Amino acid sequence: LQSQRGGAGTFRECRSPTQTIRTDKALETYTAALEVYPDYLPSVQALARLQVRSGKRDERTPRLLQDIALRGETSQWRDWARFQLAKAGE
């Protein structure tokens, strides 16, 4: 399904039940990967990005974003994490 235009010039994403299940499964998979190897940066980045994009932030999200802001693989990752932290007021 495509994103639909929301109010005030924003976009809200419409998700099918299948997309929601895939997102939840991906969140579980990244979480499991980080339980085995907690400092694996690609998984940290992937989990934080999926949490932000899906609107499924939790108590781990600020810590993940802070980690990315400090040691993200690229300057784009570090800038993105700083932006997300500022946007959330964290």
Side-chain angles (χ1 to χ4, degrees):
L1 296 174
Q2 302 251 6
S3 293
Q4 293 182 354
R5 190 136 182 111
T10 61
F11 283 90
R12 65 180 169 84
E13 193 168 328
C14 296
R15 293 192 176 272
S16 72
T18 302
Q19 288 172 314
T20 300
I21 291 168
R22 286 184 190 152
T23 297
D24 291 345
K25 183 64 178 167
L27 289 167
E28 291 172 16
T29 301
Y30 291 132
T31 298
L34 289 172
E35 287 173 8
V36 175
Y37 189 15
D39 294 327
Y40 187 59
L41 194 54
S43 292
V44 170
Q45 293 173 161
L47 178 58
R49 180 174 179 247
L50 185 57
Q51 286 179 327
V52 169
R53 293 187 84 193
S54 67
K56 295 188 175 199
R57 290 174 174 245
D58 63 21
E59 68 282 348
R60 300 170 297 178
T61 309
R63 181 184 51 79
L64 295 170
L65 290 171
Q66 290 165 356
D67 191 18
I68 297 165
L70 291 174
R71 59 183 198 103
E73 290 182 312
T74 65
S75 62
Q76 287 90 356
W77 271 113
R78 293 186 296 275
D79 291 344
W80 174 83
R82 289 183 195 112
F83 175 77
Q84 294 303 322
L85 286 165
K87 189 167 126 181
E90 298 164 347

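Everything quoted here is computed from the prediction, not taken from an experiment. Both backbone and side-chain heavy atoms feed into the values below; hydrogens, waters and symmetry mates do not.
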- Less than 4.5 Å apart, any side-chain heavy atom of R57 and any of L65? yes
- Task: Might you point out which heavy atoms bring L50 and T23 nearest each other, and give the distance in Å?
- Result: CD2-O, 3.8 Å
- Residue pair K87 / V52, side-chain heavy-atom distance below 4.5 Å: no
- Message: With a 4.0 Å cut-off on N to O distance, would you call D67 and R63 a salt bridge?
- Response: no
- Could you tell me which non-hydrogen atom of W80 sits nearest to which non-hydrogen atom of R49, and how far apart they are? CH2-CA, 3.6 Å
- Task: Could you tell me the separation between the CG atom of D58 and the CG atom of L64, rounded to the nearest 0.5 Å?
- Result: 7.5 Å
- I21 side, atom CD1; Q19 side, atom CD - distance, nearest 0.5 Å: 10.5 Å
- Note on the structure: So OG1 of T61 and CG of L47: to nearest 0.5 Å the spacing works out to 7.0 Å
- Message: Which heavy atom of G72 sits nearest to which heavy atom of W77, and what is that distance?
- Response: CA-CB, 4.2 Å
- Note on the structure: OG1 of T29 to CG of L34, rounded to nearest 0.5 Å, is 11.0 Å
- Between P62 and L85, which heavy-atom pair has the shortest distance, and what is it? O-CD2, 3.9 Å
- Task: For residues A69 and A81, report the shortest heavy-atom separation together with the two atoms involved.
- Result: N-CB, 3.6 Å
- Message: So I68 and Q84, do their side chains get closer than 4.5 Å, heavy atoms only?
- Response: no
- Query: Which heavy atom in E73 sits nearest to a heavy atom in R78, and how many Å separate them?
  - Reply: C-NH1, 4.0 Å
